[in-house]
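The structure appears right after this line, and notes come after that.
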Amino acid sequence: MTELTRRRALALAAALATPALLPGTARAQAAYPNRPINIIVPFAAGGPTDVVTRLVAEVMARDLGQPVVVENVGGAGGTLGAQRVAQARPDGYTLLLHHIGMGTTPALYRRLAYDPVNGFETVGLVTEVPMTIIAKKDFPAANLAEMVRVMREQKQSINLANAGVGAASHLCGLLLQSAVQTQVTTIPYRGTGPAMTDLIGGTVDLMCDQTTNTTQQIRSGAVRAFAVTTSERNAALPDLPTAAEAGLPGFEVSVWHGLYAPKGTDAAIVARLSRSLQVALRDERLVARFAELGTTPVSQERATPDAHRAYWQADIAKWRPIIQAAGQYAD
Ligand code: ASP
């Protein structure tokens with residue numbers, strides 16, 4: 001090969017490797033990500049959605065080779081943060097990590113500034129987490145049956161904290177009040193992180209929240225726990241009875257978390273994010289930390305765009321008639 005042909009061959013190889021010469025999808029894939037990615041958590045820092053997101057974001061950042069910054073946009077039961085992402089540029093740099101509220105919001109809110117059903121691309125399911133029914137540590141009840149009695153006797157003078165209409169704590173609180181057949185006073189926060197601070201401080205009486213926020217507080221005695229809301233006991237809190245065991249049969253809530261991008265994000269970018277999510281969910285440190293917090297990552301097959309879209313849409317269909325029958329709307 002002459003020097004000239006060798007140079008030409010090298011120039012051709014370099015040109016072929018240049019993203020500008022690649023077709024659209026391949027170009028998006030090759031160049032992405034080339035700057036930091038933001039994940040919006042639609043609740044305050046320190047709460048369960050925030051905890052899950054930060055653990056996932058840390059591993060995804062390593063896998064993607066770019067910082068993954070977690071931003072808390074709390075308020076209105078998670079709808080403010082979801083709106084921010086639905087209206088963001090669909091370029092793969094603004095994502096949403098939300099929970100079961102993605103399933104309940106479309107029925108709970110009849111007017112929203114974004115489309116809660118079709119406004120997002122699904123990246124994948126992340127985890128399913130049990131909730132716990134907890135109280136401030138000097139709440140005058142030793143178990144769930146006594147708590148039910150106190151709720152019935154003291155009604156509106158009992159304060160039940162939640163993260164706003166559409167939050168998991170709101171849903172669990174509604175189910176609890178309907179199971180107990182009484183109404184207490186609900187106090188909305190921007191997330192159950194700050195609500196937990198007030199529960200520990202004794203400013204509010206009761207809360208339902210994910211084990212990812214409550215396990216350490218229950219173990220240390222900072223709050224009192226009455227039940228876990230799944231049909232099985234939780235390995236991180238083996239002494240805590242299920243709600244059914246403790247006297248509320250049929251009382252079951254499990255919270256799921258999913259990762260989303262704005263509608264219209266390139267499929268190759270969504271696929272790249274999904275692969276990265278799957279790497280995170282296999283990470284040994286993450287799995288161990290999730291276990292300490294009473295949860296496990298979902299299987300790799302469920303952490304995919306199609307599987308999560310099907311799961312999410314089925315959840316919307318599941319909650320709509322229940323919410324409509326209860327006539328519980330946020331607006
Ligand atoms: N666990 C909260 C809820 O009630 C939200 C949060 O702060 O993560 O939905």
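Note that the structure is predicted; figures quoted are calculated from it, not measured. Whatever order the structure lists them in is the order used to number ligands and atoms, beginning at 1.
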Ligand 1 to D50 polar contact by distance, N or O atoms, under 3.5 Å: no
Any N or O of A168 closer than 3.5 Å to N or O of ligand 1: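 So ligand 1 has an N or O lying under 3.5 Å from an N or O of A168.
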Atoms of ligand 1 close to [X] [distance to a heavy atom under 4.0 angstrom, numbered from 1]:
| X | result |
| --- | --- |
| G191 | 7 (O) |
| T49 | 5 (C), 6 (C), 8 (O) |
| A167 | 3 (C), 4 (O), 9 (O) |
| S169 | 3 (C), 4 (O), 9 (O) |

Parallel, tilted or perpendicular: rings of F43 and H98 (30°, 60°): perpendicular
Residue Q216 excluded, over 12 heavy atoms near CD under 6.0 Å: no
Part of N213 within contact of ligand 1 (heavy atoms, under 4.0 Å): neither
Side chain, backbone, both or neither: H99 near ligand 1, heavy atoms under 4.0 Å: side chain
Donor + acceptor pair across side chains of Y189, D198 (<3.5 Å):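 Side-chain D/A pair, Y189 to D198: present.
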Modelled atom types, side-chain donor and acceptor of S169 and T192, under 3.5 Å: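 S169 vs T192: no donor-acceptor pair found between side chains.
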Test side chain to side chain donor-acceptor pair (under 3.5 Å) applied to T230 and S254, step by step: CA-CA 6 Å; T230 37; S254 172; over 6 Å; no
Contact check, A44 vs ligand 1, heavy-atom distance below 4.0 Å: no
contact_flag D209 ligand 1 heavy-atom lt 4.0 Å: yes
Basic-acidic side-chain contact under 4.0 Å: D63, R272: yes
Closest protein heavy atom to atom 7 (O) of ligand 1, given as residue, atom name and distance to 0.1 Å: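 Result: T192 N, 2.9 Å.
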